[in-house]
Amino acid sequence: MIDAAMATGDPAKVQTVVELARETNPDDVEEINALQAGFRDRQRQLTQARSTVRVEELRRAGLLDNWSGKGQIGAFQSSGNSNDVGVSASLELRRTGIDWTHLLRGSVDYQRSRGRTSREQYLASYEPRYVITPRLFTYGLAQFEKDRFSGFTGRYSISGGLGYEVLQGQPRLSVQLGPAFRRTDAIDGTTETNLGALAGLDFNWQIADGLTLTQDTDYVTETGGRAQVITDGNNTSLLLVTGLEAKIRDGFTTRLSYTVDYNSNPPANAVSTDTQTRFTLVYGF
């Protein structure tokens, strides 16, 4: 029985069988313990070997290797500067190496109502990270935004600083803080350039393996949020995104998210806070 459990390579099964064997064969406890110790040694050696192979694969990887990502497309309902429905699309690409992680993000929100454009928002960002310790890392951020309904035709932000993994595993929480430089090209033709600070928070939590949403939806697999605050002498902006994802099948999930986009100094005839409720289909690759 012990040999059969070990053949599966499942430590939980081995532990269960070993405990049963100890109870039913008290005279053979030493032999049973030796079998379990040998299994644990083999598992450690196998894990180390796999880790060594993985590190070598990462070292030999080319610039276009080891990328993963996910794309989203769907609809949203908004309130604030515009009140209507529209479509949204986004793409996220991630490359993870031994010490470096590269993250590229892009999103588009576009809406027309009665033949007129009522929302047109674009965002693109690049964020590299370098791991210093298992929890501490440095980051950089270059970001571009365009949203004429919020009063600017272009907003460019650059930041760099330190981040820390407060919680690892599940749930996972990381924070980051650093100085920021921001230039804003307003719709009236003026330009503002300011120094400020960036604070970010990234939270993800796998709720459970078995929470069914609908007949065609298997499980709630992830809930997460992201918050980013950039403040300078004239304006503070807050982007808060909270979402709930449900797995449909391998590679596909549905996502319900709520976004708060706040600017403390909006242009004339505009409100400071935009909110969006989105339902999107997500494809991971």
For side-chain contact (heavy atoms from CB on, under 4.5 Å), just list the numbers for T259 and T275, CA-CA rounded to whole Å, side-chain angles, deciding distance to a tenth of an Å, and then say yes or no.
CA-CA 5 Å; T259 300; T275 64; over 6 Å; no
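- L141 and Y156 sit in two unconnected hydrophobic clusters of ILVMFWY residues. Membership requires side-chain heavy atoms under 4.5 Å apart, directly or through other members.
- Interatomic distance, OG1 of T101 versus CG of N66, reported as 11.0 Å (0.5 Å rounding).
- Cluster annotation: W205 and Y258 are assigned to distinct hydrophobic clusters (Ile/Leu/Val/Met/Phe/Trp/Tyr, side-chain heavy-atom contacts under 4.5 Å, transitive).
- Between Q72 and S257, the closest side-chain pair of non-hydrogen atoms is not below 4.5 Å.
- Under the side chain to side chain donor-acceptor pair (under 3.5 Å) criterion, the residue pairs touching residues 130-139 are Y139-S159, with sequence neighbours excluded.
- Defined by atom type and a distance below 3.5 Å, a donor-acceptor pair is present between the side-chain atoms of S118 and Q111.
- In this structure, the side chain of D188 engages the main chain of T190 through a donor-acceptor pair within 3.5 Å.
- Counting only heavy atoms from C-beta outward, the side chains of N25 and D27 never approach each other to under 4.5 Å.
- Interatomic distance, CD of E145 versus OG of S125, reported as 9.0 Å (0.5 Å rounding).
- For the atom pair K146 NZ and L123 CG, the distance stands at 13.5 Å (nearest 0.5 Å).
- One side chain, R22 or N33, offers a donor N or O that lies under 3.5 Å from an acceptor on the other.
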Criterion side-chain contact (heavy atoms from CB on, under 4.5 Å) on Q143 and Q228, from CA distance to verdict:
CA-CA 12 Å; Q143 181 169 287; Q228 183 185 85; 3.5 Å; yes
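- Panel note: side chain T8, backbone D10; a donor-acceptor pair is recorded below 3.5 Å.
- Taking CZ from R278 and OG from S107, the interatomic distance works out to 6.5 Å, rounded to the nearest 0.5 Å.
- Shown are L256, T253, T254, T280; of these, the side-chain contact (heavy atoms from CB on, under 4.5 Å) with E245 is made only by T253.
- Residues D109 and S88 approach most closely at OD1-CB, 2.8 Å, considering heavy atoms.
- Hydrophobic clustering of Ile, Leu, Val, Met, Phe, Trp and Tyr side chains at less than 4.5 Å, counting indirect connections, unites L20 with I32.
- Two residues are said to be in side-chain contact when any heavy atoms from C-beta on lie closer than 4.5 Å; S68 and F285 fail this criterion.
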Derivation and outcome, side-chain contact (heavy atoms from CB on, under 4.5 Å), residues Y164 and L173
CA-CA 9 Å; Y164 187 76; L173 172 65; over 6 Å; no
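- Checked by atom type, the side-chain pair S237/R182 shows a donor-acceptor distance below 3.5 Å.
- Side-chain contact between S174 and V166 is absent, with no heavy atoms from C-beta onward closer than 4.5 Å.
- In this structure the side chain of F181 never reaches within 4.5 angstrom of the side chain of I230, judged on heavy atoms.
- Few gaps surround CG on L162; more than 12 heavy atoms of other groups in view lie less than 6.0 Å from it.
- Between the side chains of D185 and T191, at least one donor N or O sits under 3.5 Å from an acceptor N or O.
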Using the rule given for salt bridge (charged side-chain N to carboxylate O under 4.0 Å, His left out), can you reason through E120 versus R148, listing the C-alpha separation, both sets of side-chain angles and the distance that settles it, and then say yes or no?
CA-CA 7 Å; E120 187 178 6; R148 58 190 180 91; 3.3 Å; yes
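- Residues V229 and Y262 fall within the same hydrophobic cluster, defined by Ile, Leu, Val, Met, Phe, Trp and Tyr side chains chained together at heavy-atom separations under 4.5 Å.
- The two residues F152 and T184 make their nearest non-hydrogen contact at CB-CG2, 3.8 Å.
- The residue from T16, V17, V18 that alone fulfils the side-chain contact (heavy atoms from CB on, under 4.5 Å) condition with V14 is V18.
- Under 3.5 Å, the side chains of T117 and R112 contain a donor-acceptor pair of N or O atoms.
- Here the closest heavy-atom approach between residue Y126 and residue H102 is recorded as OH-ND1, 2.8 Å.
- Under the 4.5 Å side-chain heavy-atom criterion for ILVMFWY residues, no single connected hydrophobic cluster contains both F279 and I73.
- No cation-pi contact links R42 to F39, judged by a cut-off of 6.0 Å to the six-membered ring centre and 45° from its axis.
- The nearest pair of heavy atoms linking A186 to T153 is O-OG1, 4.2 Å.
- Here the CZ-CZ distance, from R40 to R44, works out to 8.0 Å after rounding to the nearest 0.5 Å.
- Residues L167 and R172 form no side-chain contact, since every pair of their non-hydrogen atoms from C-beta on lies 4.5 Å or further apart.
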The test is side-chain contact (heavy atoms from CB on, under 4.5 Å); show your working for Q276 and D261 and say whether it passes.
CA-CA 8 Å; Q276 299 174 21; D261 191 354; 5.8 Å; no
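- Counting only heavy atoms from C-beta outward, the side chains of E92 and L103 approach each other to under 4.5 Å.
- One side chain, R155 or N263, offers a donor N or O that lies under 3.5 Å from an acceptor on the other.
- For the atom pair CZ (R119) and OH (Y110), the distance works out to 13.0 Å, reported to the nearest 0.5 Å.
- Enclosure of atom CD in Q15 by more than 12 non-hydrogen atoms of other residues, nucleotides or ligands within 6.0 angstrom is indicated.
- Residues L91 and G71 come closest through the heavy atom pair CD1-CA, 4.2 Å.
- Here the shortest heavy-atom pairing between R129 and E127 reads NE-OE2, 3.1 Å.
- Under the ring-ring contact (aromatic ring centres under 6.0 Å, His included) criterion, F252 pairs with Y283, sequence neighbours left out.
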